[in-house]
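A short worksheet on the structure shown next.
We name chains A, B, ... by the order of the sequence lines, and we start the count at 1 in each one. Only heavy atoms go into these numbers, but all of them, side chains included; no hydrogens, no water, no symmetry mates.
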Amino acid sequence: MPKESGKVRMYVCGPTVYDSCHIGHARSVVVFDVIARYFRSQGFEVTYVRNFTDIDDKIIQRAAMLGVDPKDLAEKYIREFHQDMDALKVDRATVEPKATDHIPQIIRVIRLLMEKGYAYAADGDIFFSVTAFSGYGKLSGRKLEDMEAGARVDVDARKHDPFDFVLWKSAKPGEPFWESPWGTGRPGWHIECTAMSSEYLGQTFDIHGGGKDLVFPHHENEIAQSEAAFGQPFVNYWVHNGFVNINQEKMSKSLGNFLLIRDLLKEYHPEALRLFLLSSHYRSPIDFTPQHMEEAGAGLDKLYTLLERTQTVLGTDDFEIKTESGDHWARFCEAMDNDFNTALGIGVLFEAARQINRLMDEATAAVGNDFQQQLMRQLRDIRKIGAVLGILTESPKDYFEGRQARLQEKKQVDVATVDALVAERTEARKSKDWARADAIRRKLEAMNVLLEDRPEGTAWKIR
RNA sequence: GGCGGCAUAGCCAAGUGGUAAGGCAGCGGUCUGCAAAACCGCUAUACUCCGGUUCAAAUCCGGAUGCCGCCUCCA
């Protein structure tokens, strides 16, 4: 993916805040988080804008149902969004604008569209006229005449064309509203993105992202209104992430199978979730199953096991790296340069891990300076890759303690009992009573506890 | 009806003209009192099928089959 003059300006469609975030939101947010991190790692100055749609029919509806103020509802879910994404170790966007904070900018764009003849009024509503914009349909490859308008939803009779969309909605009694030249009302869904992206990124910018489902009509409409209003190209690159299926089924409310981030994080490590979400190319659909999550978790365990081992071998984790980046980092970058191929990049990460393990396996007792330098250099690559993917951010000690704590509950392991048995076995081993030692090992295995006899003593972990 | 995507080993998944990355699972080995971890080796001679282009195709073209998405709010 080509790049511009040291700076990257990207805009990603954020959530409509009327409900908790599910794993689908997580995928989108994590994918673009990694993209932003990668650009930064390459020395680009990244301006990353991710909006909150905090006024819309769904919010109003939900608020009415709950008998709360729409603004309070939106704020509650913005807080939740931040909690969830922080837990997922997602960096904050540079700017996180809310639609309701940009009403003047929205009105300005609509006025511009009216002046240029791309929009018309009908009662208190303002519509965008898709037939007035010649490029309509270019992103999604649709032609107006090919689409079966109103196939599933009745067409508003006031529209000149069925695909015209609302820029400004007049207020109905009891709804939140703002003053405008066309009377009190609120912005339609698409216009906020044009208003806010131009505000923070300019009228043309580099990357616009969002879920695949937004291609049509949302992004199509954004292009139309932006290019109509400003008379210049809207964005250079579109990036649309694929969906998350649950056990091969589309995640949907009607199936009742959607998974909230907060629930998932009770069971899985946030980095395991990230690793899973990044294990396929961002455009492909990805299938969430407990088994796939276990595998992602196993992979993460492997990487942390490696880090723990290097820490032991080097005697410290706090070393200054004076060497250049190695081949692994270069290969990782190559993968990322190819349309952000994180799946390939993760492959590089595991190859790096194997190489480091081999290096340590082959090292003899006489560990020289060369060895240390080489090890640190490769380790540095792993850390840099981890930093882009947003994984391996914890110390191995914290990671394994956390893992242990999480699993203790899940597998109902009683620490005191295990420790007692381990101590008993240590005694047995001292007196070379192997039969008894093995019996205890088997007993613990039946309790989902695996033993590891290390030089410094016996460690155990939960299967 | 229109538009688009996908089909690679038991499972997941890279691969965008030169003969199949990586992970999980499995098997054999090294190490170990036994294990675990780690490493080494093995695990796709039909890359959904049928045609075509090419010296050469998982990769390009045409067709078939299957699965999925979008066209309505949706990450």
Side-chain angles (χ1 to χ4, degrees), chain A residues 12-16 18-19 21-32 53 56-58 61 137 140-154 163 189 209-218 220 240-245 248-253 258 275-276 279-287 289 291-292 294-303 305-306 308-309 331 335 338-339 341-362 429 432-435 437-438 441-442 445 450-454 458-461 463:
Chain A
V12 176
C13 289
T16 299
Y18 73 106
D19 209 344
C21 294
H22 57 246
I23 186 168
H25 295 107
R27 183 176 192 193
S28 173
V29 170
V30 166
V31 161
F32 291 105
T53 299
D56 134 297
D57 290 349
K58 291 192 295 293
Q61 210 174 49
S140 53
R142 286 158 212 266
K143 295 193 189 93
L144 285 170
E145 57 270 27
D146 286 346
M147 288 189 284
E148 219 176 300
R152 297 163 74 182
V153 154
D154 289 339
F163 290 98
W189 173 37
K212 211 180 179 146
D213 50 322
L214 297 177
V215 174
F216 189 91
H218 183 51
E220 197 67 70
H240 291 107
N241 63 276
F243 276 24
V244 181
N245 294 134
Q248 315 216 42
E249 274 183 327
K250 182 189 159 129
M251 179 167 59
S252 78
K253 304 209 168 179
F258 65 102
L275 200 57
F276 163 71
S279 65
S280 332
H281 186 89
Y282 72 82
R283 267 189 274 107
S284 313
I286 190 169
D287 191 33
T289 66
Q291 195 206 332
H292 295 162
E294 303 269 321
E295 286 176 11
L300 195 60
D301 283 350
K302 189 180 177 123
L303 295 172
T305 303
L306 168 74
E308 189 177 47
R309 189 177 174 200
R331 287 208 293 139
N338 186 6
D339 198 12
N341 194 335
T342 52
L344 183 57
I346 288 169
V348 173
L349 184 60
F350 281 102
E351 282 180 70
R354 192 173 58 218
Q355 197 167 319
I356 295 175
N357 269 315
R358 188 180 353 177
L359 196 63
M360 290 189 290
D361 276 359
E362 285 168 359
R429 290 181 71 221
K432 300 206 190 282
D433 183 354
W434 307 127
D438 290 348
R441 178 192 285 285
R442 280 193 297 274
E445 252 170 47
L450 295 180
L451 298 180
E452 209 176 312
D453 293 324
R454 303 184 190 188
T458 298
W460 59 273
K461 68 176 191 184
R463 171 155 45 194

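Comparing A:His218 and A:Arg454 along RNA chain B, the residue whose closest nucleotide (by nearest heavy atom) sits nearer the 5' end is A:Arg454. Mapping A:Arg358 and A:Ile286 onto RNA chain B by nearest heavy atom places A:Ile286 at the nucleotide closer to the 5' end.
For A:Arg354 against B:C39, a side-chain-to-base donor-acceptor contact under 3.5 Å is absent. Applying the 3.5 Å distance criterion, the base of B:C73 shares no donor-acceptor pair with the side chain of A:Asp56. Side-chain atoms of A:Arg283 stay outside donor-acceptor range of the base of B:G5, with no qualifying N/O pair under 3.5 Å. Contact annotation: side chain of A:Asn341 to base of B:G15, donor-acceptor pair absent below 3.5 Å. One cannot find a donor-acceptor pair under 3.5 Å joining the base of B:A75 and the side-chain atoms of A:Arg27.
Taking atom P in both B:G5 and B:C60, one finds a spacing of 12 Å when rounded to whole Å. Rounded to a whole angstrom, the distance from the P atom of B:A64 to that of B:G1 is 14 Å. The gap from the P atom of B:A58 to that of B:C47 amounts to 7 Å, rounded to the nearest Å.
Across all strands shown, B:U53 remains unpaired; no Watson-Crick or G-U wobble contact has both distances below 3.5 Å. Summarising the base pairing, B:U59 is matched to no nucleotide, lacking a Watson-Crick or G-U wobble pair whose two defining distances lie under 3.5 Å. Under the Watson-Crick or G-U wobble criterion, with both distances below 3.5 Å, B:A25 has no partner in any strand shown. B:C70 is paired with B:G2 under the Watson-Crick or G-U wobble criterion, all donor-acceptor distances under 3.5 Å. Applying the Watson-Crick and G-U wobble criteria (two distances, each under 3.5 Å), B:A9 pairs with nothing in any strand.
A straight line from CG of A:Asp213 to P of B:G5 spans 17 Å, rounded to a whole angstrom. Atom NE2 in A:His22 sits roughly 12 Å away from atom C1' in B:C73 (whole-Å rounding). For A:Asp301 and B:A25, the CG to P distance is 11 Å, given to the nearest whole Å.
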Would A:Asp339 and A:Arg283 count as a salt bridge (Lys or Arg N to Asp or Glu O under 4.0 Å) if you check the C-alpha gap in whole Å, the side-chain angles of each, and the deciding distance to 0.1 Å?
CA-CA 10 Å; A:Asp339 198 12; A:Arg283 267 189 274 107; 2.5 Å; yes
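Nucleic acid contact class of A:Val244 (heavy atoms, under 4.0 Å, all strands): base.
The phosphate of B:A37 (OP1 or OP2) has no side-chain N or O of A:Lys461 nearer than 4.0 angstrom. At B:G4, none of the side-chain N or O atoms of A:Lys212 fall inside 4.0 Å of OP1 or OP2 (strictly under the cut-off). In terms of phosphate contacts, A:Ser284 brings a side-chain nitrogen or oxygen within less than 4.0 Å of OP1 or OP2 of B:A14. Side-chain N/O atoms of A:Trp189 include one lying less than 4.0 angstrom from OP1 or OP2 on B:C74.
Under the stacking criterion of a centre-to-centre distance below 5.5 angstrom and an interplanar angle below 30°, A:Phe350 is not stacked against the six-membered ring of B:G22. The aromatic ring of A:Phe243 sits over the base of B:A75, with ring centres less than 5.5 Å apart and planes tilted by under 30°.
A parallel orientation is assigned to the rings of A:His292 and A:Phe276, their planes being inclined by less than 30° (bins at 30° and 60°). Ring geometry for A:His218 against A:Trp189 counts as parallel: the plane angle stays under 30°, on a 0 to 90° scale with 60° as the upper cut.
Using a 4.5 Å heavy-atom cutoff, the side chains of A:Asp361 and A:Arg309 are in contact.
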